[in-house]
Amino acid sequence: MLTNQASRRHFRLPHPVLTLIGLVFFAHFAGAGIVLAQSPGDAGVDDPYFPNLGNGGYDVLHYAIDARFDVEANTLQATTVIDAQATQGLNRLNLDFQRIAIESVLVDDAEASFEHRNGELVITPAAAITEGQAFRVEVRYGGSPSSYPFQQTIADLGWYDLESHLVGMGEPAGSSTWYPVNEHPSDKATYTFRLTAPKPYMAVASGVLVERIAGLDETTFVWEMRQPMASYLTLVAVGDFVEISDETADGLPIRSYAPPNLVRRAESAFARTSEIIAAYEALFGDYPFETVGGLVVDGGFGFALETQSMPIYDGMIIRAPVEFSERFIAHELAHQWFGNSVSPASWRDIWLNEGFATYASWLWVEQSAGLSVFGSLARGSYVELRNSRRLTRPGDAKGPVTGDPGVEAIFDGEVIYTRGAVTLHALRLKVGDDAFFEIVRTYYDRFKFGNASTEDFIAVAEEVSGTDLNYFFQGWLFEADVPLIPELES
Ligand SMILES: [Zn+2]
């Protein structure tokens with residue numbers, strides 16, 4: 001007879017055996033767990049405006065871009081080495097890269113398979129990468145870079161084949177036209193650019209020129225950006241450039257580059273760089289990078305961009321009267337603090353770049369041309385804003401708002417630049433000069449070399465001023481109507 005009790009007794013296993021079985025089970029499922037945890041990295045970082053920009057699953061630490069250019073043919077042959085750290089287990093990962101043909105991809109020196117389409121380079125490493133692992137991706141490619149249409153509302157971005165020079169730059173996503181990249185400002189990294197150009201051309205990039213290696217027919221220029229840089233701030237240009245060398249009163253090197261026919265103009269346009277830097281250092285804190293300067297190109301595109309440590313200016317700006325070009329230069333230099341050192345957490349936070357740069361250029365006017373010129377600027381901008389919104393038909397008043405403008409208004413002059421700057425001026429009038437500049441310095445100091453969101457700025461403003469500013473920022477940043485500033489009404 002077999003009773004329940006007997007059978008149980010009979011089949012009861014000694015305790016150490018149970019423990020062993022338990023361990024085997026645990027190890028088995030834990031092992032399965034690791035395999036399951038190695039999933040594909042996302043094809044975007046969920047930016048509220050551009051969800052496909054950037055990629056998930058890793059953090060880039062350093063880019064080393066080695067490129068050889070043919071200026072006449074507009075071609076490059078390049079290898080980009082990316083040192084990164086996995087933030088999840090990865091059996092696949094993406095990089096953003098546009099239209100250049102890829103020759104090979106290595107992950108940790110092993111051949112990896114890849115697919116390349118629609119601006120995404122999808123890499124499957126031979127061996128999966130574990131969470132926290134440091135790994136290296138090496139991409140070899142060559143061809144003719146070109147700009148590409150990025151959203152309907154923003155012009156073609158990235159690579160410019162100009163008559164006598166090549167230029168790579170573009171906000172918010174132009175860098176992927178010439179190197180594979182995690183193209184979102186939330187993943188900042190340091191850079192080495194090793195750029196080879198045929199003689200007599202020069203290759204210029206963001207950062208410090210650390211080496212110039214002369215070959216028989218060509219020259220290699222090695223540039224280092226040793227502070228974190230968002231990819232939309234990288235710059236490369238190859239062409240006939242003359243170096244204009246100077247330094248600030250504090251000994252910060254000023255290195256600017258211009259085509260030979262624009263050197264004189266550039267010298268006078270950049271003449272006050274040292275003074276502008278000194279004014280901003282007194283107001284915001286130390287200049288964040290190792291050099292400062294500007295690159296002038298004859299592009300005919302009519303804009304300037306705050307590329308890190310060396311903003312780029314179209315020749316049209318530099319040819320204009322100094323009063324005009326200086327406003328551009330003051331704006332782009334202010335971005336070195338706001339936008340470049342403190343970068344937006346997402347593209348929704350763009351007013352933190354443009355509002356600050358616009359307001360800083362007014363502060364430069366306040367210092368250089370006097371309080372009355374500043375006053376008329378601030379008042380004029382405020383009145384312009386009020387009038388513009390008054391013209392909107394009733395019931396039609398829901399335009400884009402500064403704190404969440406949407407893709408269409410991301411670079412809107414009125415909504416982002418003017419209203420961003422007037423918002424800061426309104427804050428200054430509300431909390432007073434001392435608290436206002438303490439807010440700006442604290443915000444810069446807390447988020448320098450990193451990223452900040454609108455919420456981060458509001459939190460600093462409330463903390464430093466000891467004031468509840470919820471109602472204030474709600475009105476200025478998130479409602480279409482322009483709040484009243486009694487001080488500016490006349
Ligand atoms: Zn700007």
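Both ligands and their constituent atoms are indexed starting at 1 by order of listing. What you are looking at is a predicted structure, and each value in this text was computed from that prediction instead of being measured. Side chains included, hydrogens not; waters and symmetry mates left out as well; all remaining heavy atoms used. Quick note: residue numbers are just sequence positions, from 1.
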Thr192 and Glu224 side chains, donor-acceptor separation under 3.5 Å: yes
Charged N-O contact under 4.0 Å between Glu290 and Arg226: yes
Check: Asn55/Asp42 side-chain N/O donor and acceptor closer than 3.5 Å: no
Under-2.8 Å protein N/O/S neighbours of the Zn ion (ligand 1), ordered by chain then residue number: His331 NE2, His335 NE2, Glu354 OE1
Between His331 and Glu306: side-chain donor-acceptor atoms closer than 3.5 Å: no
Contact list for residues 277-289, test side-chain hydrogen bond (donor to acceptor under 3.5 Å, both in side chains), sequence neighbours left out: none
Note, Pro288 side chain near Phe449 side chain (heavy atom, < 4.5 Å): yes
